Amino acid sequence: AGGGGVRPLAVDDLDAGEFDPIGPDGTPLLPGLIDESAALDPRNVYAQTKVAQEHLASSWARATGGRAIALRYHNVYGPGMPANTPYAGVASLFRSALARGEAPRVFEDGRQRRDFVHVDDVAGANAASIAATAELPAETFRAYNVGSGVVHTIGEMAAAIAGPEGPRPVVTGEYRLGDVRHVTASSDRIAAELGWRAEVEFERGMREFATAPLRAAVQ
């Protein structure tokens, strides 16, 4: 969790292997879970489009007396993921590497925190939101985080997919400008209001995903 006075990382920091954001006292910040009341601060085009969609849905609900729910998916994984598109997600990229007989290549130091949620659980969240929409008051827009509720690092995910018999993941120290170090959010609101909770446990889901079929590669 942070606050005012957070110093953004410079390229020199990243080149030196310093990946965690720095607080006003000069020490790395401790990541926390963010809920839906946090101010939106999209840092790339993809995130900007997501925020714009939510604003459009909210405006539509107010203008028409309608009802709308936005689901903010976290790192979704599972059978049928695309193999090689820019939006495949890191789990799919690691799974594709294993299919080629290669070790997963992990950026930074592998300690980036994420919430990996199985596609079966996401389908359940979709069904719960559809059922709930009709019960909302008119002119209502509601956003919900959809995550497993359990935080894991990118390195832990790579190791879980590779398994004890697979190639050991390679931590490269490389980075991509604009990547967010930690992306972890609370899914308490959707549990409290829609009764939805993720059910697929991380180790089992990743173990099954390691051999699950992917969608055909885009040429």
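Model, not experiment: these values are computed from the prediction. This chain uses plain numbering: 1 for the first residue, then up along the sequence.
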Q: Report the distance from atom CD1 of Ile34 to atom CG of Asp41, rounding to the nearest 0.5 Å.
A: 11.0 Å
Q. Taking the side chain from Gln112 and the backbone from Gly110, do they hold a donor-acceptor pair closer than 3.5 Å?
A. yes
Q. When rounded to the nearest 0.5 angstrom, what is the spacing between CG in Asp20 and CZ in Arg113?
A. 9.5 Å
**Q.** Same apolar cluster (I L V M F W Y, side chains within < 4.5 Å links), Phe116/Leu33
**A.** no
**Q.** Check: Thr153 and Arg114 side chains under 4.5 Å, non-hydrogen atoms
**A.** no
Q: Give a yes or no on whether Val106 and Val151 share a hydrophobic cluster (residues Ile, Leu, Val, Met, Phe, Trp, Tyr; joining criterion: side-chain heavy atoms under 4.5 Å apart).
A: no
Q: Say whether Ser58 and Arg62, considering side chains only, have a donor N or O and an acceptor N or O under 3.5 Å apart.
A: yes
Q) When you check the gap from the basic side-chain N to the acidic O, do Lys50 and Glu54 get nearer than 4.0 Å? A) no
Q. So, Asp35 and Arg189, do they make that salt bridge, N to O below 4.0 Å?
A. no
Q. Linking I/L/V/M/F/W/Y whenever any side-chain heavy atoms sit under 4.5 Å apart, do Val146 and Phe141 land together?
A. no
Q: Report the distance from atom CG of Asn44 to atom CZ of Arg176, rounding to the nearest 0.5 Å.
A: 10.0 Å
Q. Below 6.0 angstrom between ring centroids: does that apply to His152 and Phe202?
A. yes
Q: Determine, for Arg67 against Glu139, whether the closest basic-nitrogen to carboxylate-oxygen distance falls under 4.0 angstrom.
A: no
Q: Please check if any side-chain donor atom of Asp115 sits under 3.5 Å from a side-chain acceptor atom of Tyr73, or the reverse.
A: no
Q) Taking NZ, NE, NH1 and NH2 as the nitrogens, is one of them in Arg142 or Glu193 under 4.0 Å from a carboxylate oxygen of the other? A) yes
Q | CD/Glu201: more than 12 non-hydrogen atoms of other groups inside 6.0 Å | A | yes
Q) Linking I/L/V/M/F/W/Y whenever their side-chain heavy atoms sit closer than 4.5 Å, directly or via other members, would Tyr175 and Ile22 fall into one cluster? A) yes
Q. How far apart are the C-alpha atoms of Glu203 and Arg207, what are their side-chain angles, what is the distance that settles it, and do they pass the salt bridge (charged side-chain N to carboxylate O under 4.0 Å, His left out) test?
A. CA-CA 6 Å; Glu203 282 76 14; Arg207 186 168 58 249; over 6 Å; no
**Q.** Side chains of Met157 and Phe94 in contact at under 4.5 Å (non-hydrogen atoms)
**A.** yes
Q: Flag the pair His118 / Tyr77 as yes when their ring centroid distance falls below 6.0 Å, and as no otherwise.
A: yes
Q.
Around atom CZ of Arg168, are there more than 12 heavy atoms from other residues, nucleotides or ligands closer than 6.0 Å?
A. no
Q: Check the surroundings of atom CZ in Arg181: do more than 12 heavy atoms from other residues, nucleotides or ligands lie under 6.0 Å from it?
A: yes
Q: Check whether any side-chain heavy atom of Val90 lies under 4.5 Å from a side-chain heavy atom of Ile154, and answer yes or no.
A: yes
Q. Is there a donor-acceptor pair under 3.5 Å between the side chain of Ser92 and the backbone N or O of Gly89?
A. no
Q) Going by an N to O cut-off under 4.0 Å, is there a salt bridge joining Asp188 and Arg197? A) no
Q) Is a side-chain donor or acceptor of Thr184 paired with a backbone partner of Gly32 at a separation under 3.5 angstrom? A) yes
Q: Verify the cluster assignment for Trp196 and Val76: are they in a single hydrophobic cluster under the rule of side-chain heavy atoms below 4.5 Å apart?
A: yes
